[in-house]
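Start at 1 and go down the list; that is how both ligands and their atoms are numbered.
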Amino acid sequence: MPATFKIRPRMRTLLSPAVTKVELVGVVAWLGVLLVDPVPSINWLNFSITMCLLLVCHFHRATGNFLVWRLLGGVYIVVLAFGFSCVIDSGAELRVFALPLAVIIVVSSAILFITVQDYLLSSALVWILMWSNLDVGMYRGLEVYLVLFCVSSMSIGFTLSFTYLKNMRSVLLIESEFRTLAETDFLTSILNRRAFMESFQQVMAGGGDGYFIMLDIDSFKIKNDQYGHDVGDKILCAMAACLQSTPGSHTVGRIGGEEFGVLLLGDDDSVANEYALRLLEAIRHSVSPPHHYTCSAGIARFSATSDMSAVLKSADCNMYEAKRNGKDRVFRDGKQLMPPTHGTPR
Ligand SMILES: Nc1nc2c(ncn2[C@@H]2O[C@H](COP(=O)(O)OP(=O)(O)OP(=O)(O)O)[C@@H](O)[C@H]2O)c(=O)[nH]1
């Protein structure tokens with residue numbers, strides 16, 4: 001997915017408060033126009049337009065769907081322009097206001113759109129709607145000025161929209177790059193400890209049940225000493241690749257030097273056990289001899305009400321049990337997990 005598409009929801013979140021304010025200003029202006037001459041203004045059409053504007057404002061603010069949000073910005077502008085054009089239609093003396101009104105709507109609506117295409121489309125619709133209200137007779141011989149106003153208003157709006165969207169996009173792209181850097185382990189490119197723990201907290205806050213698996217590479221110091229730190233680094237990367245390529249996990253991360261964490265969702269013990277054993281098997285074969293390595297793992301179950309530090313401690317204790325009992329194995333609740341096909345411990 002292009003980076004600019006990824007930041008669009010964030011752009012929408014940042015723009016929304018300003019959009020709501022601009023729309024409310026439009027509604028107030030619309031009600032103000034109706035109040036200038038209230039008696040003839042009270043009719044079904046004006047009532048429907050008012051309700052429509054209020055509903056569009058409400059749903060524009062409330063919708064969670066990005067496409068609907070984009071669409072409602074255009075709907076709002078078209079309904080507002082239609083409302084004003086109806087009022088202007090109701091009295092010939094009001095036609096003099098059609099031109100400045102169209103210019104104001106077209107220029108001020110630049111902030112409502114997240115793409116310049118949306119802006120250009122809706123402002124073209126505004127001009128089409130308002131053009132019929134212009135007293136062309138009044139501008140006879142001066143039509144070129146009308147065209148100039150039309151083109152200038154759209155150009156100013158386009159420039160405003162293009163500039164602020166471009167600036168916002170650049171700032172958000174930089175922000176997203178920094179966020180990725182802050183959450184990613186430099187060596188292995190998987191989540192670092194902070195990001196992994198944040199994900200863990202989010203899962204628990206969301207009421208998720210699951211399993212936390214702590215993994216520690218066995219005798220890693222010896223590998224480093226025997227083959228050098230560059231081989232050690234390759235082993236760490238191979239381990240991260242294994243975590244990523246073994247299906248079934250929710251989150252994986254490097255939570256210490258040679259320690260990794262995995263979150264599994266669900267409450268089926270056999271699925272969690274099978275996952276852990278499958279992962280250790282994949283790890284055994286992830287690097288060919290003589291640099292091959294193994295790791296020990298401890299599993300702890302958690303639910304929404306669990307104390308996170310107690311879960312971490314439990315997985316850690318199980319992992320150390322696995323180390324004490326010969327390494328390259330998984331422990332849970334103080335007992336070693338056996339592969340389903342083999343009935344005896346290795
Ligand atoms: N190459 C490399 N080594 C690292 C990195 N981070 C930590 N280490 C090494 O990991 C080793 C961890 O050693 P120990 O804590 O003694 O654990 P161990 O040798 O794996 O022994 P057991 O845990 O008992 O199996 C140390 O030698 C650290 O230098 C890293 O980013 N790259």
Side-chain angles (χ1 to χ4, degrees), residues 177-200 211-246 249 251-264 272-273 275-301 308-339 342 344-346:
E177 271 169 35
F178 274 113
R179 190 187 295 271
T180 307
L181 282 176
E183 292 178 343
T184 308
D185 175 55
F186 179 72
L187 178 67
T188 60
S189 300
I190 60 174
L191 294 188
N192 60 20
R193 184 183 179 91
R194 194 165 64 93
F196 180 85
M197 292 306 169
E198 261 173 30
S199 171
F200 197 173
Y211 301 85
F212 168 63
I213 308 179
M214 185 176 277
L215 301 120
D216 186 287
I217 299 178
D218 296 325
S219 312
F220 192 50
K221 187 173 178 332
I222 295 175
K223 294 277 176 201
N224 264 332
D225 293 347
Q226 260 184 339
Y227 303 110
H229 263 69
D230 53 333
V231 171
D233 286 355
K234 280 188 187 136
I235 289 175
L236 289 168
C237 292
M239 171 91 179
C242 260
L243 294 178
Q244 282 179 311
S245 62
T246 305
S249 62
T251 310
V252 301
R254 184 180 176 199
I255 56 176
E258 84 296 16
E259 275 184 355
F260 293 81
V262 177
L263 290 182
L264 304 178
N273 296 350
Y275 172 88
L277 292 168
R278 194 157 34 96
L279 179 61
L280 257 62
E281 182 63 15
I283 285 167
R284 275 177 213 121
H285 301 107
S286 63
V287 173
S288 45
H291 301 147
H292 62 297
Y293 67 103
T294 58
C295 84
S296 302
I299 304 188
R301 186 148 187 228
M308 197 170 134
S309 57
V311 176
L312 295 176
K313 199 170 169 193
S314 165
D316 198 39
C317 288
N318 278 298
M319 196 266 292
Y320 277 104
E321 276 301 304
K323 293 264 184 197
R324 262 197 294 275
N325 282 274
K327 303 184 179 180
D328 188 19
R329 61 202 65 220
V330 188
F331 263 65
R332 179 168 155 206
D333 299 328
K335 294 190 196 82
Q336 184 181 341
L337 299 187
M338 298 300 167
H342 304 114
T344 51
R346 268 188 313 272

>> Using a 4.0 Å cut-off to any heavy atom of G232, which atoms of ligand 1 qualify?
In response: 1 (N)
>> Looking at R278, I'd like to know if its CZ atom is crowded, meaning that more than 12 non-hydrogen atoms belonging to other residues, nucleotides or ligands lie closer than 6.0 Å.
In response: yes
> Under 4.5 Å between any side-chain heavy atoms of I283 and M239, yes or no?
Replying inline: yes
> In terms of side-chain heavy atoms, does S286 have a donor or acceptor partner in Y293 at a distance below 3.5 Å?
Replying inline: yes
> Considering only heavy atoms of D216, which atoms of ligand 1 have at least one such atom less than 4.0 Å away?
Replying inline: 23 (O)
> So which bit of L236 gets within less than 4.0 Å of ligand 1, heavy atoms only: side chain, backbone, both or neither?
Replying inline: side chain
> What protein heavy atom sits nearest atom 9 (C) of ligand 1, and how far away is it?
Replying inline: N224 ND2, 3.3 Å
> Identify the closest protein heavy atom to atom 25 (O) of ligand 1: which residue and atom is it, and at what distance?
Replying inline: S219 N, 2.7 Å
>> Polar contacts were defined as any N/O atom of the residue lying under 3.5 Å from an N/O atom of the ligand; does this apply to I217 and ligand 1?
In response: yes
> Who's closest to atom 32 (N) of ligand 1 heavy-atom-wise, of T188, D185, D233?
Replying inline: D233
>> Applying a heavy-atom cut-off of 4.0 Å, say which part of R324 lies close to ligand 1: side chain, backbone, both or neither.
In response: neither
> What is the nearest protein non-hydrogen atom to atom 24 (O) of ligand 1, stated with its residue, atom name and distance?
Replying inline: K327 NZ, 3.6 Å
>> For atom 7 (C) of ligand 1, what's the nearest protein heavy-atom neighbour? Residue, atom name and distance, please.
In response: G257 CA, 3.7 Å
> Between L312 and M197, is any pair of side-chain heavy atoms under 4.5 Å apart?
Replying inline: yes
> Around atom CD1 of I222, are there more than 12 heavy atoms of other residues, nucleotides or ligands at under 6.0 Å?
Replying inline: no
> Under 4.0 angstrom from ligand 1, any heavy atom of K223?
Replying inline: no
> Should I190 and F196 count as side-chain neighbours, where that means a heavy-atom distance under 4.5 Å?
Replying inline: no
> Of the listed options (K221, H229, R254), which comes nearest to atom 5 (C) of ligand 1 when hydrogens are ignored and any heavy atom counts?
Replying inline: R254
>> Checking a contact table here: which protein heavy atom is nearest atom 14 (P) of ligand 1, and how many Å away?
In response: E258 OE2, 3.9 Å
> Is the H291 ring parallel, tilted or perpendicular to the Y227 ring (thresholds 30°, 60°)?
Replying inline: perpendicular
> For the side-chain contact (heavy atoms from CB on, under 4.5 Å) test, which of T180, L181, L187, T188 pairs with T184?
Replying inline: T180
>> Checking a contact table here: which protein heavy atom is nearest atom 23 (O) of ligand 1, and how many Å away?
In response: K323 NZ, 3.1 Å
>> Can you confirm, on distance only, whether ligand 1 has an N/O atom lying under 3.5 Å from any N/O atom belonging to F220?
In response: yes
>> Within the structure provided, determine whether N192 and F186 are in side-chain contact (heavy-atom separation under 4.5 Å).
In response: no
> Does the distance from a Lys or Arg side-chain N to an Asp or Glu carboxylate O, for K327 and D218, drop under 4.0 Å?
Replying inline: no
>> Regarding ligand 1, does D218 bring an N or O atom to under 3.5 Å of one of the ligand's N or O atoms?
In response: no
